Amino acid sequence: MTRRDMLIALAIIIAWGLNFVVIAWGLDDLPPMMLGGLRFLMVAVIGSLFFKRPKTPLKWWFLYALPLSFGQFAFLFSAMKFGMPAGLASLVLQSQAIFTLLFAVVFLKESVRPYQVIAIAIAAGGLATIALENDNTSMTLIGFGLTLVAATCWALGNISTKVISKKGYHANVNLVIWSCWIPPLPFFICSWLIDGSDVMVQSLQNINWGTMATLAYLSIFATVAGYGLWSYLMSRYPAATIAPLTLGVPVVGLTTSAILLSEYISPLQWIGILFVLLGLILNTLGGRLLARRTSKQTLV
């Protein structure tokens, strides 16, 4: 990678890691469903000005957006509202890689390699450690559980992406942006059912410059700019080079949450975090390491 592209990658990792702190701030001003609806509405309005409408048929927009945009963030925002610390949320959400692997086996009949089974076991052990050690921290079990559901929705969205690609369409940044027209309606319906119309109106009336800054960050920096630059990197380099960079997101999320939100993580949870990261690294890089080892044995 060139020096400029390395700086771009670093900027994306920081923006996506800090995203969880900004979400926590946003939830201080808006209910979870209102925050989600307004975020994706702003993404759709702004992003549509800079990215062309994808040629993907509308039905695939729904297949992509409902689990990935609505489901993931409806449960993530709710999890953080009900006691999931921002830093731990940034890590636990990465379990989507493990769920994606499992769903690929079930729905796409893909095979699993031995190192991936080991990776799943290690990451699952780490998640169990984090979940069981919650007495002396601010994390709640319901928050942890909802975050896992959010990760499951992200994984289902990944499977949708593969299905769309097999149909001959591109699940690129254009689809990411334009499909954001879909989530606001279910978000606002859920807000009306959960919070009530009075709370919705009051939330809109109480929007201030801080709330607008939060929405601007979540929509412009974390989504439009973040995915736009990520798409640029993916177009210039092999996926195997770019994909592992997302492992830096929970590192930034945990660090910034500790600094800006004063979140406490117990020593045992740190052990769980290390196991989760180890499992994710093995799942992401295991194939490359195995291929390199096989190549060396062949040369010998």
Side-chain angles (χ1 to χ4, degrees), residues 16-43 66-96 127 130-131 133-154 157 180 183-208 210-219 222-223 249-250 252-254 256-265 269:
W16 284 352
L18 187 59
N19 185 49
F20 292 86
V21 172
V22 178
I23 291 171
W25 288 338
L27 291 171
D28 289 336
D29 299 324
L30 292 170
M33 299 302 138
M34 283 295 291
L35 179 63
L38 291 174
R39 173 199 178 168
F40 283 100
L41 182 60
M42 187 175 289
V43 170
L66 289 178
L68 198 59
S69 299
F70 171 66
Q72 178 188 178
F73 290 99
F75 285 108
L76 175 63
F77 290 0
S78 298
M80 293 178 65
K81 188 68 175 180
F82 287 106
M84 187 63 179
L88 286 178
S90 70
L91 174 81
V92 175
L93 195 63
Q94 299 305 315
S95 63
Q96 58 83 19
L127 290 172
I130 293 171
E133 176 64 14
N134 68 324
D135 292 337
N136 299 318
T137 65
S138 59
M139 189 192 79
T140 63
L141 283 179
I142 186 172
F144 179 83
L146 289 172
T147 308
L148 285 180
V149 177
T152 303
C153 290
W154 185 354
C180 286
L185 182 58
F187 267 117
F188 292 142
I189 290 175
C190 286
S191 182
W192 178 69
L193 293 173
I194 297 171
D195 306 314
S197 58
D198 292 340
V199 173
M200 293 179 68
V201 173
Q202 185 178 3
S203 298
L204 293 174
Q205 292 175 339
N206 292 335
I207 288 179
N208 52 39
T211 309
M212 290 301 298
T214 297
L215 290 170
Y217 184 92
L218 295 176
S219 57
T223 307
V249 173
V252 175
L254 288 162
T256 54
S257 297
I259 296 172
L260 299 175
L261 301 177
S262 300
E263 291 185 352
Y264 171 74
I265 298 175
Q269 284 181 327

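Just so you know, these numbers come straight off a predicted model, no measurement behind them. Throughout, numbering of the chain's residues begins at 1 and tracks the sequence.
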- Item | Heavy-atom closest pair, residues S191 and M200 | OG-CG, 3.3 Å

- Is there a donor-acceptor contact under 3.5 Å from the side chain of T147 to the main chain of G143? yes

- Query: Which is it for V252 and V249 under the side-chain contact (heavy atoms from CB on, under 4.5 Å) test, yes or no, and what are the steps along the way?
  - Reply: CA-CA 5 Å; V252 175; V249 173; 6.0 Å; no

- Atom pair CE (M34) and CG (D29), whose distance is rounded to the nearest 0.5 Å: 12.0 Å

- Query: Nearest 0.5 Å, what's the OG1-OH distance between T223 and Y217?
  - Reply: 10.0 Å

- Distance col, row T214:OG1 vs L30:CG, nearest 0.5 angstrom, shows 8.0 Å

- Query: For F20 and T256, what are the C-alpha separation, side-chain angles and deciding distance, and is it a side-chain contact (heavy atoms from CB on, under 4.5 Å)?
  - Reply: CA-CA 9 Å; F20 292 86; T256 54; over 6 Å; no

- Note on the structure: OG of S203 to CG of D198, rounded to nearest 0.5 Å, is 10.5 Å

- Separation between CZ (R39) and SG (C180), nearest 0.5 Å, reads 8.0 Å

- Set of residues satisfying ring-ring contact (aromatic ring centres under 6.0 Å, His included) with respect to W16, sequence neighbours excluded: Y227, W230

Counting only pairs under 3.5 Å, give me each side-chain donor-acceptor contact of residues 68-95, with atom names and distances, residues two or more places apart or in other chains.
residue: Q72; atom: NE2; partner: L68; partner atom: O; Å: 2.8
residue: S78; atom: OG; partner: A74; partner atom: O; Å: 2.7
residue: K81; atom: NZ; partner: L27; partner atom: O; Å: 2.9
residue: S90; atom: OG; partner: G87; partner atom: O; Å: 2.5
residue: S95; atom: OG; partner: V92; partner atom: O; Å: 2.6

- What's the verdict on side-chain contact (heavy atoms from CB on, under 4.5 Å) for L218 and I23, showing C-alpha distance, side-chain angles and the deciding distance? CA-CA 8 Å; L218 295 176; I23 291 171; 3.7 Å; yes

